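Note on naming: letters A, B, ... go to the chains in the order of the sequence lines (proteins, then strands), and numbering restarts at 1 for each one. If you're wondering where the values come from, they're calculated on a predicted model, not measured in any experiment.
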Amino acid sequence: MDNEQTNDSKYRERVYRIVRQIPVGHVMTYGQIAEILGEGYTPRTVGYVMHGADTQNVPWQRVINSQGACSTGKLTLPINLQQKMLEDEGIKFNEKNRCDLKTYLWLSDGFRADEENQPSLFCD
DNA sequence: AACTTGACGAGGG
DNA sequence: CCCCTCGCCAAGT
């Protein structure tokens with residue numbers, strides 16, 4: 001069997017593994033996820049990975065930018081689909097389409113990014 | 001192999 | 001608070 005596919009997607013899997021831990025009604029930012037994963041990851045690459053996310057198996061809508069807004073820009077998807085989905089989860093957005101990260105940001109106290117590489121960087 | 005493109009983010013003005 | 005610039009790094013051309 002070709003496990004090359006598995007190997008290639010490992011980079012992305014680390015991101016998805018975290019995203020799947022975000023509870024309904026909460027969000028994480030691209031930068032936050034990049035910081036947790038550490039070397040090799042940046043907010044931009046996390047965004048790139050999320051762009052290719054399997055929308056069926058990953059709660060992609062729960063990853064937003066550091067301003068508390070949806071960065072979906074010009075996707076093939078409707079511009080406000082992400083925000084709408086989050087509103088359905090109970091998240092409130094203001095007139096500038098931004099939500100309060102103080103309220104909704106998930107601090108990921110107990111997540112496991114990778115069993116062999118446990119991050120030591122938590123928000124105390 | 002070189003250059004461009006992003007679902008980003010911090011910092012300066 | 002808004003706008004611009006630059007750094008970041010995987011992927012696509």
Side-chain angles (χ1 to χ4, degrees):
Chain A
M1 268 59 90
D2 54 311
N3 42 7
E4 52 186 84
Q5 196 73 325
T6 306
N7 206 19
D8 285 346
S9 57
K10 179 126 194 199
Y11 184 88
R12 294 177 171 175
E13 260 313 306
R14 290 197 175 121
V15 174
Y16 299 148
R17 203 162 294 162
I18 292 176
V19 175
R20 279 192 283 259
Q21 313 293 318
I22 309 173
V24 173
H26 291 268
V27 296
M28 284 184 83
T29 67
Y30 302 95
Q32 188 185 3
I33 293 171
E35 197 176 357
I36 288 166
L37 289 173
E39 191 179 343
Y41 290 83
T42 68
R44 248 177 152 29
T45 56
V46 171
Y48 195 88
V49 168
M50 289 312 295
H51 175 258
D54 180 352
T55 56
Q56 317 263 320
N57 300 307
V58 176
W60 60 274
Q61 74 276 19
R62 297 183 195 142
V63 184
I64 64 178
N65 67 30
S66 65
Q67 303 173 69
C70 303
S71 314
T72 44
K74 331 180 164 174
L75 286 179
T76 44
L77 299 169
I79 181 100
N80 38 4
L81 174 62
Q82 183 175 15
Q83 180 172 324
K84 199 177 173 193
M85 289 176 76
L86 291 175
E87 287 171 336
D88 283 347
E89 298 187 359
I91 295 179
K92 309 294 185 190
F93 286 82
N94 64 21
E95 38 323 311
K96 291 177 204 157
N97 295 317
R98 300 213 283 222
C99 70
D100 181 16
L101 290 180
K102 265 294 195 182
T103 303
Y104 303 113
L105 195 67
W106 183 243
L107 298 181
S108 71
D109 303 287
F111 79 92
R112 283 204 292 256
D114 190 306
E115 298 151 276
E116 349 175 284
N117 185 19
Q118 282 286 341
S120 53
L121 148 80
F122 291 110
C123 343
D124 314 289

inquiry  = Under the rule for salt bridge (charged side-chain N to carboxylate O under 4.0 Å, His left out), what residues qualify as partners of R20(A), not counting sequence neighbours?
reply    = E13(A)
Whole-Å gap separating C1' (dC2(C)) and CG (N97(A)) = 16 Å
message = Nearest whole Å is fine: how far is dC9(C) C1' from E35(A) CD?
response = 17 Å
key: Closest nucleotide among dC8(C), dA7(B), dC1(C) to the T42(A) side chain   = dC8(C)
note = Per nearest nucleotide of DNA chain C, the residue lying toward the 5' end, R98(A) or G40(A), is R98(A)
remark   = For E87(A), the side chain to side chain donor-acceptor pair (under 3.5 Å) test, sequence neighbours excluded, returns Q83(A)
Any side-chain heavy-atom pair of M50(A) and V58(A) under 4.5 Å = yes
inquiry  = Can you pull out every ring pair (Phe, Tyr, Trp, His ring centres under 6.0 Å) where at least one residue sits in residues 12-32 of chain A? Sequence neighbours excluded, please.
reply    = H26(A)-W106(A)
inquiry  = Run the side chain to side chain donor-acceptor pair (under 3.5 Å) test against S66(A) and tell me which residues pass, sequence neighbours left out.
reply    = none
query = Looking at N65(A), N80(A), L86(A), N97(A), which one forms a side chain to side chain contact (heavy atoms under 4.5 Å, CB included) with C70(A)?
reply = L86(A)
task = Remember a base hit wins even if backbone is also touched, and classify R62(A) as base, sugar-phosphate or nothing at under 4.0 Å, heavy atoms.
result = nothing
ask   = Could you give the NE2-to-P distance, from H51(A) to dG6(B), as a whole number of Å?
value = 9 Å
inquiry  = I need the CD-P distance between E95(A) and dC1(C), as an integer number of Å.
reply    = 12 Å
task = Have a look at G52(A) and say if it touches a base, only the backbone sugar-phosphate, or nothing, with a 4.0 Å heavy-atom cut-off.
result = nothing
ask   = Rounded to the nearest Å, what distance is computed from the CE atom of residue M50(A) to the C1' atom of nucleotide dA7(B)?
value = 8 Å
Tabulated below should be each protein N or O lying under 3.5 Å from an N or O of nucleotides 8-11 of chain B; please produce it.
residue : atom : partner : partner atom : Å
dC8(B)  : O4'  : P43(A)  : O            : 3.4
dC8(B)  : N4   : R44(A)  : NH1          : 3.1
dC8(B)  : N4   : R44(A)  : NH2          : 3.4
dG9(B)  : OP1  : Y30(A)  : N            : 3.4
dG9(B)  : OP1  : G31(A)  : N            : 2.9
dG9(B)  : OP2  : S66(A)  : N            : 2.7

ask   = When the distance from OH of Y48(A) to C1' of dT4(B) is rounded to whole Å, what number comes out?
value = 11 Å
key: With N94(A) via side chain to side chain donor-acceptor pair (under 3.5 Å) - residues at least two apart   = none
ask   = Atom CE of M28(A) and atom C1' of dA7(B): how far apart are they, to the nearest Å?
value = 16 Å
remark   = Atom CD of Q83(A) and atom P of dA7(B) are separated, to the nearest Å, by 18 Å
